[in-house]
Amino acid sequence: MNNDLAADRARLRRLLTATDHDPLSRRIGMTAALAQARYLDHWGDIDDTRQLASVLTRAVFVEQQRGDLRAINMLAGELLAVLSDLADAGDEEMAIGVNVSADDVSLQVIEIARAYTRRRRCRVRP
């Protein structure tokens with residue numbers, strides 16, 4: 001494993017732990033954790049993509065508590081794109097999850113997911 005990625009994964013764990021202990025800065029902490037998780041998803045492996053899905057799920061929950069519908073939709077769209085990528089990569093649990101949730105997802109979230117999916121597919125892996 002790349003030592004830089006190992007350090008970045010440890011940083012992500014610290015960021016997520018901080019969001020658990022400090023509700024006042026939870027949104028700021030989640031923003032930093034999302035940035036770190038997206039970075040790891042880009043440069044890491046499929047486990048990093050799974051971790052991004054987990055962080056996005058937590059971020060959706062944080063925004064639901066705040067009642068920020070726009071942020072919820074944006075995060076849910078990105079989450080749907082990530083879950084779809086995992087399903088396409090052969091993750092059966094994610095495929096089942098995407099299929100089960102399909103009826104509960106708004107058209108707006110689906111459109112956002114499509115935009116993220118296009119961006120995710122345009123990435124160049126090293």
Side-chain angles (χ1 to χ4, degrees):
M1 175 191 328
N2 182 322
N3 287 335
D4 291 336
L5 286 176
D8 290 331
R9 289 176 182 126
R11 185 176 304 113
L12 176 58
R13 284 190 297 277
R14 286 192 305 276
L15 286 166
L16 290 172
T17 300
T19 64
D20 289 339
H21 297 296
D22 185 7
L24 295 176
S25 63
R26 183 168 286 148
R27 189 169 191 215
I28 295 168
M30 284 308 302
T31 300
L34 275 169
Q36 188 69 33
R38 288 173 179 136
Y39 172 84
L40 286 166
D41 170 56
H42 183 79
W43 294 106
D45 57 28
I46 195 159
D47 288 332
D48 294 307
T49 303
R50 288 185 184 104
Q51 182 65 37
L52 174 59
S54 176
V55 174
L56 284 164
T57 301
R58 289 176 71 167
V60 168
F61 178 74
V62 167
E63 294 305 329
Q64 284 173 335
Q65 290 178 324
R66 293 185 65 249
D68 187 340
L69 187 59
R70 182 178 180 282
I72 293 167
N73 286 339
M74 293 298 293
L75 291 166
E78 183 179 0
L79 175 59
L80 183 58
V82 171
L83 294 177
S84 294
D85 284 351
L86 287 168
D88 290 346
D91 191 319
E92 288 185 32
E93 287 182 26
M94 296 302 166
I96 291 168
V98 169
N99 289 332
V100 167
S101 65
D103 292 336
D104 297 329
V105 177
S106 72
L107 290 176
Q108 182 179 12
V109 170
I110 291 171
E111 287 303 315
I112 293 166
R114 284 184 183 142
Y116 274 106
T117 299
R118 283 190 294 274
R119 275 189 258 163
R120 291 178 62 77
R121 291 211 172 110
C122 291
R123 286 193 309 211
V124 175
R125 294 272 182 174

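Below, all heavy atoms of this structure are taken into account, side chains as well, without hydrogens, waters or symmetry copies. A quick note: this is a predicted structure, and the numbers were derived from the prediction, not measured.
In this structure the side chain of Leu56 reaches within 4.5 angstrom of the side chain of Leu52, judged on heavy atoms. In this structure, His42 and Tyr39 have side chains that are not in contact, with every pair of non-hydrogen atoms separated by 4.5 Å or more. No side-chain heavy atom of Arg27 sits under 4.5 Å from any side-chain heavy atom of Met30. The side-chain heavy atoms of Arg9 and Gln51, taken from C-beta on, include no pair separated by under 4.5 Å. Taking 4.5 Å as the limit, every side-chain heavy atom of Glu78 sits out of range of all side-chain heavy atoms of Ile112.
Hydrophobic clustering, defined by side-chain heavy atoms of Ile, Leu, Val, Met, Phe, Trp and Tyr closer than 4.5 Å, groups Ile96 together with Val100.
For the salt bridge (charged side-chain N to carboxylate O under 4.0 Å, His left out) test, residues two or more places apart in sequence or in another chain that qualify with Arg50 are Asp47, Asp91. Arg66 is linked by a salt bridge (charged side-chain N to carboxylate O under 4.0 Å, His left out) to Glu63, Asp68, counting only residues two or more places apart in sequence or in another chain.
Heavy atoms from other residues, nucleotides or ligands lying under 6.0 Å from CD of Glu93 number 12 at most.
A salt bridge between Asp8 and Arg11 is present, with a side-chain N of the basic residue lying under 4.0 Å from a carboxylate O of the acidic one.
Going from atom CZ of Arg114 over to atom CG of Leu80 covers 9.5 Å, rounded to the nearest 0.5 Å. One finds the CG atom of Leu75 at 13.5 Å from the CZ atom of Phe61 (value rounded to the nearest 0.5 Å). The line from CD of Gln64 to CG of Leu69 is 10.0 Å long, rounded to the nearest 0.5 Å. Here Leu12 contributes atom CG and Leu5 contributes atom CG; the two are 12.0 Å apart, rounded to the nearest 0.5 Å. To the nearest 0.5 Å, the span separating CG on Asp48 from CD on Gln36 amounts to 10.0 Å. Here the straight-line distance linking atom CD of Gln108 with atom CG of Asn73 works out to 4.0 Å at 0.5 Å rounding.
When the side chains of ILVMFWY residues are joined at heavy-atom separations under 4.5 Å, either directly or via intervening members, Leu15 and Leu40 end up in two distinct hydrophobic clusters. Taken together through direct or relayed side-chain contacts under 4.5 Å among Ile, Leu, Val, Met, Phe, Trp and Tyr, Val98 and Ile46 form part of one hydrophobic cluster.
With Asn99 contributing its side chain and Ala95 its backbone, the two residues share a donor-acceptor pair below 3.5 Å.
Heavy atoms only, all atoms of each residue included: Leu79 and Ala53 are closest at CD1-O, 3.5 Å.
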